[in-house]
Engineer: 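Below are the structure tokens for one structure; questions will follow.
Below, chains carry the letters A, B, ... as their sequence lines are ordered, and counting in each starts from 1.
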Amino acid sequence: MADKRSLYQKVWDEHVIVTSPQGEDLLYVDFNLINEGGSFLAFDQMRMEGRKPYRPAQHLAITDHYLPTANRAAGPAGIGNLEIRKVVEMLASNTADFGVPHMNMHHTQQGIAHVVAPELGYAQPGMLITCNDSHTATNGALGALAIPIGASMQLRHVLATQTVWLKRARTMRISVTGTLPEAVTSKDVILGIIAQIGIGGATGYAVEYAGSTVRAMSMEARLTMCNMSIEAGARIGMISPDDTVYQYLNGRVNAPKGADWDRALAYWRTLPTQDDTPFDRELSFDATKLAPMVSWGTSPEDCSPIDGAVPDPALITDADRRRHVDRALEYMQLTPRTRLADIAIDRVFIGSCTNSRIEDLRSAAKVLRGRKAAVPGMVSPGSTTVKRQAEAEGLDAIFRAAGLDWRDAGCSMCNGSNGEILSPGERAASTTNRNFEGRQGRGAMTHIMSPAMVAAAAVTGKLTDVRRITD
Amino acid sequence: MLPFTVLTAVAVPLEIAKIDTGMILPGRFMRRHRRPGHDYSEAFLHDLRFDEKGVPRPEFAMNMPAYAKAEILVTDSDFGCGSSREGAAYAVMDYGLRALIGPSFAEIFYGNCLQNGLLPVTLPEPVVHDLWAQLRNTPGATITIDLPNQQVIAPDGSAHAFEINQLRKERLVLGIDDIDVTLEHRAAIDAFEAKRQQAYPWLPNAAHVLAGH
Ligand code: SF4
């Protein structure tokens, strides 16, 4: 009989060691990624308790949030802000003390954890992966069960036992069907979904993205989609693996080789969810109706097609929603009914674990080729590997010629942990995933959109429909 | 984790509602290494305990000599609200407190305390107000928290029952934290792992990163 379990259920079942009387499962963690954020709390507590990592080689610590994206030659000593330098140094010394592999700022493959893991084949179908970061679900695009964990107690537990206690989530399938219109990317698809279901729309669910649109997406486009699951409230977002995934993995540093590859492939092919598998909730979207999206407010659900306008709170009947929009427009200094295409910006940012892979950079460079940016901005590739690839393709030259800064890899201006932030009152077009108040700096205003749309905004200095930029 | 059975200790009143995690562990201390002798004890409630110049505020109860050895803090409602700042429970612990008593605690903070061997006790508001009064009248008075019997005994001898999740209670009494509990399944983890490695020998590890790739 065919296996009627979903991908999520299969991978979950595969990792259950024991179940507690309270219904929590003890799950085996195949691989854990660590960033510098709050992870020092876990290491410090382990040191106080005299504990050791259970399987140190099944972890990879990556410095990504606090690293400057310029002037790295001097190492941590070159970081002017002492608080930031301390965080960077703490991860280096903690991982050295505990024998945990660490990609430091000079490593040839350093980058944002969620970009590096798929790129180096650390994320594979059927694996259970954890990371002390809310965007861990990115790795779900390869058919892995990738779970965000807390930076202190949960990380400490994973380090000390290579396991995590969790309760099963309910399941939701989001099917997207149809051919994407011109210039509409997976970023627009996920923004369109979030606009409709809201930032709490998938809370408590493990989401699987399915349907012909998703099947037709490249690996990189899928990573963008799963990345923003948390913006819809879901800690987990996955896509059933298929040839796109297998081709992407083939030959990567940590991907299986030789006879192992054939065995792995045979196993991976047992994982995809069948069409008639039941889910707790099913949603469907028509891709053909989508347009390039931009956000206008202070939550990822506050977004509209670029040919739309800033909403008028007076026309919103739901009182809570009206209050939110009122406040969002006040923060964003926007007048109701302003056409989105009339909003002028001060700066652009291309980067983050959402949109900083080679395809993202190619699509932005395509718009910027031979053009000048009307506003300043920076491009930070998602990893040093992406950076090298982009330079080999001459993309860096296009960004530089347009007047944008070409930087090193890291989270950078996505949340500004490394000090690279917008000034108060500055307005940015950004390829990132969050537009919360103060996300890119106190008083800074963020409009999120796809890389090509950010490039279009750079060219005109306003939010712009990239389809209107023609040769 | 230290076992928690019956604790008789000096209790200090803190009659302020909604002490949030940012007050418990101010942001500027958040990125500080915790090592024995250099932990969050100074950071705990820092801006309430000290003025802008870092001088202890004499009127603040915790700074009075009679409360210097306090291991119990009797707070007001919603202690631990605000961001889920995980270091907050460590700050309470590092200061030397073993238990908190209050009318209510923020949920995430409450869970973090239990996981670290700190006991948050919820009692009805009038009882808490009465405890404050007794502690004010006799600075340095002790309270007894009897966890096995789920009772708080006030300085005046009155006893007050409290509720706690039975699983959490058991772990506190035995002094085993979540890692100890998990490691009781060590044989199962190892067996699972061995089977998994045999079935999927290609699963990645990151050892080569250390070797400098
Ligand atoms: S790029 Fe942004 S969203 Fe992604 S991990 Fe870094 S800070 Fe978080």
Engineer: Is Y122(A) close to chain B through its backbone or its side chain, or both, or neither, when contacts mean heavy atoms under 4.5 Å?
Structural biologist: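 Backbone plus side chain of Y122(A), per the 4.5 Å heavy-atom cut-off to chain B.
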Engineer: Heavy-atom distance under 4.5 Å to chain B: side chain of W261(A), backbone, both or neither?
Structural biologist: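 The answer is neither part of W261(A).
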Engineer: More than 12 foreign heavy atoms under 6.0 Å from CD of E163(B): is that the case here?
Structural biologist: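 Not buried by this count: 12 neighbours or fewer within 6.0 Å.
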Engineer: Is Y54(A) in contact with chain B via its backbone, its side chain, both, or neither, using a 4.5 Å heavy-atom distance?
Structural biologist: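 The answer is the side chain of Y54(A).
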Engineer: Can you name the nearest heavy-atom pair linking L41(A) to G87(B), along with the distance?
Structural biologist: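 Of all heavy-atom pairs spanning L41(A) and G87(B), the closest is CD1-N, 3.9 Å.
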Engineer: Answer yes or no: are there more than 12 heavy-atom neighbours, outside K169(B) itself, under 6.0 Å from its atom NZ?
Structural biologist: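 More than 12 heavy atoms, drawn from other residues, nucleotides or ligands, come within 6.0 Å of this atom.
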Engineer: Quick check for you: among H59(A), R51(A), K86(A), which has the greatest number of heavy-atom pairs under 4.5 Å with chain B?
Structural biologist: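 Looking at each of H59(A), R51(A), K86(A) in turn, R51(A) comes out on top.
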Engineer: Heavy atoms only, distances under 4.5 angstrom: which of R85(B), E193(B), R35(B) has the most pairs with chain A? Name it, please.
Structural biologist: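 Counting heavy-atom pairs under 4.5 Å, the top option is E193(B).
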Engineer: Under 4.0 Å between a Lys/Arg side-chain N and an Asp/Glu carboxylate O for R196(B) and E14(A)?
Structural biologist: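 Yes, R196(B) and E14(A) are salt-bridged.
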Engineer: Decide if atom CD of Q22(A) counts as having more than 12 heavy atoms of other residues, nucleotides or ligands within a radius under 6.0 Å.
Structural biologist: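 Yes, CD of Q22(A) has more than 12 neighbouring heavy atoms, counting only those of other groups under 6.0 Å.
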Engineer: What residues of residues 60-80 of chain B sit under 4.5 Å from chain A when you count only heavy atoms?
Structural biologist: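 When heavy atoms of chain A are the reference, residues 60-80 of chain B contributes no residue within the under-4.5 Å range.
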Engineer: Any idea which of D30(A), L120(A), T163(A) has the most non-hydrogen atom pairs under 4.5 angstrom with chain B?
Structural biologist: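 It is D30(A).
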Engineer: Atom CZ in R55(A), atom CD1 in I189(B): separation rounded to 0.5 Å?
Structural biologist: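 Result: 9.0 Å between the selected atoms.
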Engineer: What part of A199(B) gets closer than 4.5 Å to chain A, counting heavy atoms only: side chain, backbone, both or neither?
Structural biologist: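 The answer is the backbone of A199(B).
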Engineer: Given that the side chain runs from C-beta out, which part of H185(B) has a heavy atom under 4.5 Å from chain A: side chain, backbone, both or neither?
Structural biologist: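 Just its side chain gets close to chain A.
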Engineer: Crowded around E107(B) CD? As in, over 12 foreign heavy atoms under 6.0 Å?
Structural biologist: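 For E107(B), atom CD is not crowded (no more than 12 foreign heavy atoms under 6.0 Å).
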Engineer: Among R263(A), E49(A), M103(A), who wins on heavy-atom pairs under 4.5 Å with chain B?
Structural biologist: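 So the answer, after comparing R263(A), E49(A), M103(A), is R263(A).
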Engineer: Select, from M153(A), M127(A), Q58(A), Q162(A), the one with the greatest count of heavy-atom pairs under 4.5 Å involving chain B.
Structural biologist: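 Among the listed options, the one with the most contacts to chain B is M153(A).
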Engineer: With chain A, which of D39(B), V181(B), D190(B) has the greatest number of heavy-atom pairs at distances under 4.5 Å?
Structural biologist: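 Sorted descending by pairs with chain A, the first entry is D190(B).
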Engineer: Where on H157(A) is there a heavy atom nearer than 4.5 Å to chain B: the side chain, the backbone, both, or neither?
Structural biologist: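 It is both, since atoms from each part get that close.
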Engineer: Which one wins on heavy-atom pair count under 4.5 Å against chain A: D177(B), L183(B), L203(B)?
Structural biologist: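 Ranked by contacts with chain A, first place is D177(B).
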Engineer: What pair of heavy atoms forms the shortest contact from H33(B) to S93(A), and how long is it?
Structural biologist: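 Here H33(B) and S93(A) meet closest at NE2-OG, 4.3 Å.
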Engineer: Using side chain to side chain contact (heavy atoms under 4.5 Å, CB included), reason through Q109(A) and V209(B) one step at a time and then give a plain yes or no.
Structural biologist: CA-CA 9 Å; Q109(A) 288 159 331; V209(B) 173; 5.8 Å; no
Engineer: So which atom in N254(A) and which in P204(B) form the shortest heavy-atom distance, rounded to 0.1 Å?
Structural biologist: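 Heavy atoms only, the tightest pair is CB-CB, 3.9 Å.
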Engineer: Most heavy-atom pairs under 4.5 angstrom with chain B, which of T95(A), V16(A), N104(A)?
Structural biologist: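 Among the listed options, the one with the most contacts to chain B is V16(A).
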Engineer: Can you tell me which of D44(A), I17(A), T161(A) forms the most heavy-atom pairs within a distance under 4.5 Å of chain B?
Structural biologist: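 When all of D44(A), I17(A), T161(A) are compared, D44(A) has the most.
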Engineer: Relative to chain B, which segment of R156(A) carries a heavy atom at a distance below 4.5 Å: side chain, backbone, both, or neither?
Structural biologist: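 Answer is both: backbone and side chain atoms of R156(A) are under 4.5 Å from chain B.
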Engineer: Which class fits the ring pair W202(B) and W268(A): parallel under 30°, tilted 30 to 60°, perpendicular over 60°?
Structural biologist: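 Perpendicular: the ring planes of W202(B) and W268(A) meet at over 60°.
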Engineer: Can you tell me how far apart CE (M90(A)) and CZ (R32(B)) are? Round to the nearest 0.5 Å.
Structural biologist: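 Here the interatomic distance stands at 11.0 Å.
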Engineer: Under a 4.5 Å heavy-atom cut-off, does chain B meet the side chain of Q45(A), its backbone, both or neither?
Structural biologist: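 Its backbone and side chain both get close to chain B.
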Engineer: Answer yes or no: are there more than 12 heavy-atom neighbours, outside R442(A) itself, under 6.0 Å from its atom CZ?
Structural biologist: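 No, because the 6.0 Å sphere around CZ of R442(A) holds 12 heavy atoms or fewer from other groups.
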